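Source: prediction; values computed, not measured. Each chain gets a letter, A, B and so on, in the order the sequences are listed, and its residues count up from 1. For the numbers below, each heavy atom of this structure counts, side chains included, while hydrogens, waters and symmetry mates do not.
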There are 2 protein chains.
Amino acid sequence: MINIAISAGGTSEPIDGIRKITNISTGSLGWHCLEAVFAYFTARSEKNFHIHYIHTENAIIKPLDKTDLQHVTFIPVTNAESVYQAVDKLTKEISIDYFIHSMAISDFTFSYAVNIHKLSEEIEALQKVGEFTDDHVRSLLENPQSKLSADEKISSDSDIIIGLKRTKKVMPLIKQNNPNTFLVGFKLLRDVSESKLLQVANQTAEKNSCNLVLANQLSAISETNHQGILIKNGEIIERAEGKKEIAKVIVEKMMK
Amino acid sequence: MINIAISAGGTSEPIDGIRKITNISTGSLGWHCLEAVFAYFTARSEKNFHIHYIHTENAIIKPLDKTDLQHVTFIPVTNAESVYQAVDKLTKEISIDYFIHSMAISDFTFSYAVNIHKLSEEIEALQKVGEFTDDHVRSLLENPQSKLSADEKISSDSDIIIGLKRTKKVMPLIKQNNPNTFLVGFKLLRDVSESKLLQVANQTAEKNSCNLVLANQLSAISETNHQGILIKNGEIIERAEGKKEIAKVIVEKMMK
């Protein structure tokens, strides 16, 4: 049995039960990868495969016929923490052969919101105990006393300051839990030169032991147009245009 | 000609081109209101009406037949500022008879993001010029020198602090531009008592000269269940359950 994991969509980090931090990802590239996997195996009359499709609520999911559905397990997730838990569980339980990690996972989660006036007063009060260091300020900014309580809807009476803390990185988990998994990573940047994009994509590949990285940049993405560069061992091995073509190239290079 | 404006959906405030602040609104209640308006006029064989449907990108829009489509103008918007401009333009150009303002508009828009370490250093440096006040801190927090440049994708190297500034209120525009418009406002709170909900809904009604306010709270909303209280002149005039029923009650009370 060939086990393939695909992650798709963008996570959502709740702020106060009404507001949330999301991102522009639609999950479209992930779904194209699923379709490309089906096309690949159908062309080879191979039926001994299973896709574990980890997706956020807003990720595009198209109808599949009954036969195809038997090859897919859907794993719904919400915020970055839930992706971490889901990927950890999946990769510990099942020996994943290929992992296409296209999901856009928030680097940050909501920590607190605070009225700008109250925070200013709290910082001003640091002077009362004498001279203070930037470490004192940082401690205060990490967890101000004047922050709104967690179950309060944020009032629009004044400007606010929001603290965001980093989420746990999901990508390193994949190879940690199973060093033999073939890992395809993605790197999206905005408005950088191709050499800078390649440099950052290579860093991502090295840090997470990706076998392939699809590098793309925001300025080159639109609904119908999407330019991607496929990188292996620091070298460009293919360029592709359009999400469907990118997905096809990823799956073919991954499988061979 | 009877002119009806309906606003629906939740606005989206961009953070850095990839991340954004959104809210949980789906625009479903707004669409039910549109359908309830059609039902109301169809039952009375009235064809002399037009609906101006102001909606965000993510708001639910269902197919309408050709005849119905002639009665609707769709006005797409994105962030709070674009809603302000669209509503101002519409209500200046057209004498709106009824305005159902169900859109969830962000109270805040993104101002800046800053690395927590850099901001701490900048605040610490306030001491160099001697004693400082909370006003000095507030000025700094409104616009820190160490903030990331607007076109930079936020790096996940450290925790960050985000400054949010208030957006312009849209609801007061409606009666300012046309005092004769019949205005239906909405107030969503979370986990408050009914008396508190009524109190806040009445404040909203008074501040914006709403003729009707639909008060609801988050804990009483789910996909299939949605409890609403319709308020007129500070009194509960109707309770309704389910978005379809709420929309029907709003339209009937509004038209009579």
Novice: Side chain to side chain contact (heavy atoms under 4.5 Å, CB included) between A:I174 and A:V87: does it pass, once the steps are laid out?
Specialist: CA-CA 7 Å; A:I174 298 168; A:V87 169; 3.9 Å; yes
Novice: Between B:K175 and B:N211, is any side-chain donor less than 3.5 angstrom from a side-chain acceptor?
Specialist: yes
Novice: Got a sec, which residues hit salt bridge (charged side-chain N to carboxylate O under 4.0 Å, His left out) with A:K169, two or more places apart in sequence or on another chain?
Specialist: A:D107
Novice: Quick one: are B:H55 and B:I75 in side-chain contact, heavy atoms under 4.5 Å?
Specialist: no
Novice: Go through the atoms of B:E13 and report whether side chain, backbone, both or neither lie under 4.5 Å from a heavy atom of chain A.
Specialist: neither
Novice: Would you call the rings of B:F74 and B:W31 parallel, tilted or perpendicular if under 30° counts as parallel and over 60° as perpendicular?
Specialist: parallel
Novice: Which bit of A:F132 comes within less than 4.5 Å of chain B, counting heavy atoms only: side chain, backbone, both or neither?
Specialist: both
Novice: Under 4.5 Å from any heavy atom of chain A, what part of B:T22 do you find: side chain, backbone, both or neither?
Specialist: both
Novice: Measure the shortest side-chain to side-chain distance between A:H136 and A:S139 over non-hydrogen atoms and say whether it is less than 4.5 angstrom.
Specialist: no
Novice: If contact means a heavy atom pair closer than 4.5 Å, which residues of residues 119-126 of chain B contact chain A?
Specialist: B:L119, B:S120, B:E121, B:I123, B:E124
Novice: Which residues pass the salt bridge (charged side-chain N to carboxylate O under 4.0 Å, His left out) test with A:E142, sequence neighbours left out?
Specialist: A:R138
Novice: Answer whether the closest heavy-atom distance between the side chains of B:I236 and B:L198 falls below 4.5 Å.
Specialist: yes
Novice: Considering only heavy atoms, which portion of A:L140 lies under 4.5 Å from any heavy atom of chain B: side chain, backbone, both, or neither?
Specialist: neither
Novice: Quick check on the interface: out of A:D134, A:N58, A:T133, who has the most heavy-atom pairs with chain B under 4.5 Å?
Specialist: A:D134
Novice: Any heavy-atom pair between the side chains of A:R166 and A:T109 that's under 4.5 Å?
Specialist: no
Novice: Can you find a pair of side-chain heavy atoms, one from A:I6 and one from A:M103, that are under 4.5 Å apart?
Specialist: no
Novice: Can you tell if the side chain of B:T11 reaches within under 4.5 Å of the side chain of B:V83, non-hydrogen atoms only?
Specialist: yes
Novice: So B:R239 and B:L230, do their side chains get closer than 4.5 Å, heavy atoms only?
Specialist: no
Novice: Just to be sure I understand the criterion: a residue of residues 156-165 of chain A counts if one of its heavy atoms is under 4.5 Å from a heavy atom of chain B. Which ones qualify?
Specialist: A:S156, A:D157, A:S158, A:D159, A:I160, A:I161, A:I162, A:G163, A:L164, A:K165
